[in-house]
Amino acid sequence: MRAWVIRATGGLDQLEIADVPDPADPLEARQVRIALRAAALNRLDLFVVRGLPHEYRYPHILGADGAGVVQAVGAEVRSVRAGDRVMINPGIPDYSCAYCRAGEHSLCVNYGLLGEHRPGTLTQAVLVPEQNVSVIPTLPTPLTWAEAAAFSLVTLTAWRMVVTRAQVRAGETVLVWGIGGGVSLAAMRIAKLKGARVIVTSSSDAKLHEAQKLGADVTLNHCTRKISQEVRALTTKRGADVVIENVGEATWDESLRSLGRGGRLVSCGATTGPKVGFDMRRLFWYQWSIMGSTMGNDAEYREIVRRLGAGELRPIVDRVFPFTEARAAFERLERGEQLGKIAIEIPE
């Protein structure tokens with residue numbers, strides 16, 4: 001079958017379309033084979049191409065997010081059947097360790113992501129556990145394949161950050177950095193669902209304008225405004241109750257300066273670098289909570305799918321590329337031009 005792969009890490013020149021072996025049969029008892037119809041890119045995919053600190057098995061198939069049609073199921077699969085339209089939760093635990101038994105699947109000692117630790121979704125078929133598959137909800141305006149593919153990773157990540165970790169409440173002020181990205185957009189929308197006042201930032205006035213139309217209460221260009229000063233002014237010097245971070249080094253100091261007493265900072269990424277620091281005296285004096293967050297558990301995934309079915313969390317797709325033009329999709333992501341998710345159609 002055809003797939004977008006890398007045979008070494010480096011730049012986007014490493015991307016190539018190639019023939020790869022079809023996923024092996026027979027299926028395991030609770031395994032599902034999906035004929036993919038669309039994949040969606042995440043910044044993670046760029047990090048995979050550049051190189052991450054684990055052992056790759058080349059050729060490595062890229063892509064974490066995907067949606068398609070169930071082709072076959074293992075003998076013990078009950079929740080889906082051949083012909084179902086499904087989307088994939090790309091975070092795969094072993095479902096047996098102590099963390100999994102406690103319901104904390106994203107803390108699994110053997111946790112791995114499609115496209116990073118396992119063969120990805122930028123191909124024609126993929127095998128995943130039954131627990132990682134969800135039937136696409138029926139909506140008055142049906143989800144496109146691109147929308148279904150764009151849903152899982154960013155929405156699950158944002159839900160865990162905003163709801164489970166930060167426990168955002170109605171009336172609180174939430175600062176979200178980099179509103180063009182999928183996680184940031186999902187976090188903004190989830191915080192609004194919880195009744196929060198949301199301040200968002202971007203370096204693009206065009207993206208800020210679109211974010212305002214999508215529900216942002218305040219928009220700030222972080223290239224022309226001092227974010228911490230603006231947040232303090234907007235909150236009568238109190239500061240934000242919650243800061244949603246995925247940028248890292250470039251924004252860390254401003255994130256902390258924006259955070260109010262008793263505030264919570266949640267981070268799921270470090271796109272500009274992983275090395276940050278802070279004054280410990282401010283940490284204990286202001287009684288901050290600084291939290292990490294990665295993906296989510298099975299219960300959280302089922303909840304966001306339920307919310308999608310209720311019409312609350314429909315994903316925002318920036319642009320859809322044909323399969324043969326996947327490199328152009330990566331280039332758009334690398335330039336940071338997108339507002340929402342970049343998707344790639346996969347032919348039958």
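Just so you know, these numbers use all the heavy atoms, side chains as well, and skip hydrogens, waters and symmetry mates. Predicted model only: the values in this text are computed from it and were never measured.
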Is Arg327 paired with Asp13 through a side-chain N to carboxylate O contact shorter than 4.0 Å? no
Criterion side-chain contact (heavy atoms from CB on, under 4.5 Å) against Leu41, the qualifying member of Leu62, Ile344, Thr121: Ile344
Among Thr324, Asp19, Thr123, whose side-chain hydrogen bond (donor to acceptor under 3.5 Å, both in side chains) with Arg2 holds? Asp19
NZ/NE/NH1/NH2 to OD/OE distance under 4.0 Å, Arg78 and Glu130: no
Among Leu333, Val183, Ile342, Val154, the one residue meeting side-chain contact (heavy atoms from CB on, under 4.5 Å) with Asn42: Val154
Any side-chain donor paired with an acceptor under 3.5 Å for Thr9 and Gln14? no
Any carboxylate oxygen within less than 4.0 angstrom of a Lys/Arg side-chain nitrogen, looking at Arg257 and Asp253? no
Using only heavy-atom distances, determine whether the side chains of Gln212 and Thr219 contain a donor-acceptor pair under 3.5 Å. no
What are the two closest heavy atoms between Leu143 and Pro315, and how far apart are they? CD2-CD, 4.4 Å
Using a strict threshold of under 4.0 Å (side-chain N to carboxylate O), is an ion pair present between Arg37 and Glu345? no
Starting from the C-alpha separation in whole Å, work towards a yes-or-no answer on side-chain hydrogen bond (donor to acceptor under 3.5 Å, both in side chains) for Tyr95 and Asn132. CA-CA 11 Å; Tyr95 291 106; Asn132 286 78; 2.6 Å; yes
Nearest non-hydrogen partners of Gly115 and His60, listed with the distance: O-NE2, 2.8 Å
Kindly assign one of parallel, tilted or perpendicular to the pair Tyr301 and Phe151, based on the angle between their ring planes and the thresholds 30° and 60°. tilted
Between Glu230 and Lys226, is there a side-chain N and carboxylate O pair less than 4.0 Å apart? no
When Ile, Leu, Val, Met, Phe, Trp and Tyr are grouped by side-chain heavy atoms lying under 4.5 Å apart, directly or through other members, which residues fall in the same group as Trp285? Leu175, Trp177, Ile199, Val218, Leu220, Ile227, Val231, Leu234, Val243, Val247, Trp252, Leu256, Leu259, Leu265, Val276, Phe278, Met280, Leu283, Phe284, Tyr286, Trp288, Ile290
Taking the basic N atoms (NZ, or NE/NH1/NH2) and the acidic carboxylate oxygens, is any pair closer than 4.0 Å for Arg169 and Asp241? no
Less than 4.0 angstrom from a charged side-chain N to a carboxylate O is my criterion; do Arg50 and Glu334 meet it? yes
Any salt bridge linking Glu337 with Lys207? Criterion: basic side-chain nitrogen under 4.0 Å from a carboxylate oxygen. no
The residue among Ile244, Asn246, Thr201 that forms side-chain contact (heavy atoms from CB on, under 4.5 Å) with Val176 is Ile244
OH of Tyr99: more than 12 outside heavy atoms within 6.0 angstrom? no
